[in-house]
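Throughout, protein chains are lettered first and strands after them, A, B, ... in sequence-line order, and every chain is numbered starting at 1. All values below were derived from every heavy atom in this structure, side-chain atoms included, with hydrogens, water molecules and symmetry-related copies excluded.
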Protein chains: 2
Amino acid sequence: MTGQNDKAISVTMKQAMESASWIRQMFEEGNRLRREVGPENVFDFTLGNPSVPPPPEFQRALEETARNSTPADHRYMTNAGREDTRRAIAERLRSCHGEALQGQHVVMSCGAAGGLNVLMKSVLDRDDEVMLLKPFFPEYLFYVANHGGKVVTVATDADFQPDLDAIAAALNERTRIVLINTPNNPSGAVYDCARVAALGKLIEAHAEKLGRPVYLVMDEPYRRIRYCDEPHPSVIRLCRYGIVVTSFSKELGLAGERIGYVVVNPEMPGSDSLLAALSVATRILGFVNAPAFMQRVLGLCGDASVDIGEYRRHRDLLYGALTGQGYRMPEPRGAFFMFPEAPGGDDLAFCRLLREYNVLVVPGRGFGSPGHVRISYAVPTRTIERAIPLFAEAFARARTE
Amino acid sequence: MTGQNDKAISVTMKQAMESASWIRQMFEEGNRLRREVGPENVFDFTLGNPSVPPPPEFQRALEETARNSTPADHRYMTNAGREDTRRAIAERLRSCHGEALQGQHVVMSCGAAGGLNVLMKSVLDRDDEVMLLKPFFPEYLFYVANHGGKVVTVATDADFQPDLDAIAAALNERTRIVLINTPNNPSGAVYDCARVAALGKLIEAHAEKLGRPVYLVMDEPYRRIRYCDEPHPSVIRLCRYGIVVTSFSKELGLAGERIGYVVVNPEMPGSDSLLAALSVATRILGFVNAPAFMQRVLGLCGDASVDIGEYRRHRDLLYGALTGQGYRMPEPRGAFFMFPEAPGGDDLAFCRLLREYNVLVVPGRGFGSPGHVRISYAVPTRTIERAIPLFAEAFARARTE
């Protein structure tokens, strides 16, 4: 048989793979370059893989959990997760998200990616809309499509802060979720609390008008990675329909362990129904429950978090250097990304130009914002130091060519 | 606002929860009974939760993995999983699935549930058909629906073996997957190798006719839990389009750890394309990768498996007693379930009758086979011993009432 490769997978999957292919191309390009010129000569700023180690509390909890394992600890459990872990997380989160939080408002998930899929499965009917603020994490597009939803994108202002007028204009009778992410991947913006508070009120009013919930969903894996005095805005405190979906990938450096959680506002009308749905969705999407062993480890980690000093030094070093060279961007205040304008204006062309210097960054068009590039500084310090003059050369050439 | 509970979740989710509610009702009924009469007086045969502990090799591997963890071990990885783990699993499986198997043919998954969803996402377009043999594991219905597929069910013969004529009659131009499960949940049947071999040929011929792959997918979490001399039939050896989806939940007693894998026949036309799709589907469904820590543990477990002696003793004890009392069923030869006819013919009525004796079993209609009940013997021996006279009383009453 010929053409079997074409017929081995579904048409929808083929489309998904094509739209996913830019990031994969970058990744493969990086691997090819590393083979060609040696890994020490490739300056790869494309990955959002935490470079700072988990805190020592985590390693202690890991070993203790392994030593104290009993057969029952590895069995099936309630789909929403271990009660002791959910209780421990609720206690830990009260200072951020309010005193009403109990274990029953927390559903353990396979990372934020798993949590977002579980939430969308629970609340989206076909063609229900999910609003994203540009620039956004591109995987959101797949998650919405998985559950038959439609993406609506809205621009942010020049500082990558939510634009309330633009959001208000885009709300309509199909809006089901407004999904925000601060500290933001890819922009490094930390949303102003006052802005998020106003957004919460706007969404409550819209839900009131529609006579049904409209959810303000915050994806906050970088909550603990901030370099400014602005507090983290809690959508649980700021919106009756607030939901948090997050993971320990960045705050504990555990991206490969796939552990996170969903928090539903205890005051939300219909919260019981939603929590029950999240639990069933966890089961029927095939997650079944968040990995049992890592749930137990987290229960022992207290309020530990990675040391963000290195990320802060990288941010200062690279932001100072690039803006000194003429790159334009608002100051990144959180996460480990910056999102400057591409000199010359064409993000794809500028990525290609940087590649001539073995410097790899991601074009902004993948994040809904062409004309920018994303630079991750979760890399070795030496990589940044050596790449700085290369960024300068590329900048000069982009402006003259 | 009134009616918010009704509007908090999607219509499709509400339907899913209603169809999932029978099993949840059983579960809640069990909890209610335990509170009322004390847990020691409830005879709960409803759960498929492995009761035998993981083998000692697992505990050693767990502690060693925890001690030897480095920060890099917890980071993002290739979506298909750790190369060392995939290689170790491929080596371990060669005696069962053939010498051509390499690590690249194995994609690590979040249990078999995760693996099945990843596979269906990769190959199903809307209304593509997935054939199930009755009785079947009811969660399959959700997995197919998640990805827009349609379920077609086909009866098995009196011994719960695949009926080739019935399958041949049901194959058509929309058939994409024939999903089988041996040792079988709920029937305890171990499919005859000759029957599966003939099924493999039938599917190859149908794929040839359609000019595209039709997949013979084997869900085999109970592969190592067999009480007969019949070897386990490998769909990788027996069908060009054979795919294995399975987990360590039962063979290592790790149901809560969500770790399993998908194996694609190395000789399959289009296998490269399918393997790439499985990897991308793992990512975009939100699994991202199977839990990193448990992947490392499994790499150290060698060929270890739970001791099935206790399951075999339970099978012998309960099968002997029930058939002696007049219950009718083929001898269960694997897994830890039996699936007798409900005396009186009505599975629901018989479940209610057993409940009067605080004995809980699951009605067959949930598995596509009304008129039967599923009994799990992954329970304490004492539970079986004390329930045997109760099964006898219920049998007598069901025949006379």
Item to check | Atom of A:Ala8, atom of B:Leu274 and distance for their closest heavy-atom approach | outcome: O-CD1, 4.2 Å
Checklist entry - A:Leu254 versus chain B, heavy atoms under 4.5 Å apart: side chain, backbone, both or neither? => result both
Item to check | Leading residue by heavy atom contact count with chain A [cutoff under 4.5 Å; candidates B:Gln295, B:Glu64, B:Arg67, B:Met77] | outcome: B:Arg67
Checklist entry - So what's closer than 4.5 Å to chain A heavy atoms on B:Ala72: side chain, backbone, both or neither? => result neither
Checklist entry - Relative to chain A, which segment of B:Asp128 carries a heavy atom at a distance below 4.5 Å: side chain, backbone, both, or neither? => result neither
Checklist entry - Could you state the interatomic distance from CE (A:Met120) to CE (B:Met13), rounded to the nearest 0.5 Å? => result 14.5 Å
Next on the checklist: What's the separation between atom OG1 in A:Thr65 and atom CD in B:Glu63, rounded to the nearest 0.5 Å?
Outcome noted: 11.0 Å
Next on the checklist: Tell me whether B:Arg75 contacts the main-chain N or O of A:Pro50 through its side chain, where contact means a donor paired with an acceptor under 3.5 Å.
Outcome noted: yes
Item to check | Most chain A-contacting option - heavy-atom pairs closer than 4.5 Å, from B:Val52, B:Leu47, B:Asn117 | outcome: B:Asn117
Checklist entry - So which part of A:Gln59 gets closer than 4.5 Å to some heavy atom of chain B, the side chain, the backbone, both or neither? => result side chain
Next on the checklist: I'd like to check A:His147 versus B:Thr12 (side-chain heavy atoms, cut-off strictly below 4.5 Å). Are they in contact?
Outcome noted: no
Next on the checklist: Among A:Ala281, A:Ala277, A:Pro53, which residue has the highest count of heavy-atom pairs closer than 4.5 Å to chain B?
Outcome noted: A:Ala277
Checklist entry - So how far is it from A:Tyr76 OH to B:Arg258 CZ, rounded to the nearest 0.5 Å? => result 5.5 Å
Checklist entry - After noting the C-alpha distance and the side-chain angles of A:Leu62 and B:Phe293, does the key distance pass the side-chain contact (heavy atoms from CB on, under 4.5 Å) rule? => result CA-CA 10 Å; A:Leu62 192 69; B:Phe293 183 81; 3.9 Å; yes
Item to check | 4.5 Å side-chain heavy-atom contact, B:Pro54 and A:His74 | outcome: yes
Checklist entry - Given that the side chain runs from C-beta out, which part of A:Arg126 has a heavy atom under 4.5 Å from chain B: side chain, backbone, both or neither? => result side chain
Next on the checklist: If I measure from the heavy atoms of chain B, does A:Ala145 come under 4.5 Å with its side chain, its backbone, both, or neither?
Outcome noted: neither
Next on the checklist: I'd like to verify something: which residue of A:Gly253, A:Ala276, A:Ser122 has the highest number of heavy-atom pairs under 4.5 Å with chain B?
Outcome noted: A:Ser122
Checklist entry - With chain B, which of A:Val118, A:Asn146, A:Leu278, A:Leu141 has the greatest number of heavy-atom pairs at distances under 4.5 Å? => result A:Asn146
Checklist entry - Non-hydrogen atoms of chain A under 4.5 Å away: do they reach the side chain of B:Asn49, the backbone, both or neither? => result both
Next on the checklist: Strictly less than 4.5 Å between heavy atoms, which residues of residues 284-291 of chain A line up against chain B? Please order them by number.
Outcome noted: A:Ile284, A:Leu285, A:Gly286, A:Phe287, A:Val288, A:Asn289, A:Ala290, A:Pro291
Checklist entry - Which pair of heavy atoms, one from B:Ile9 and one from A:Ser273, lies closest together, and at what distance? => result CG2-O, 3.8 Å
Checklist entry - In terms of heavy-atom pairs under 4.5 Å, which option from A:Ser69, A:Ala292, A:Ser249, A:Ala113 contacts chain B the most? => result A:Ala292
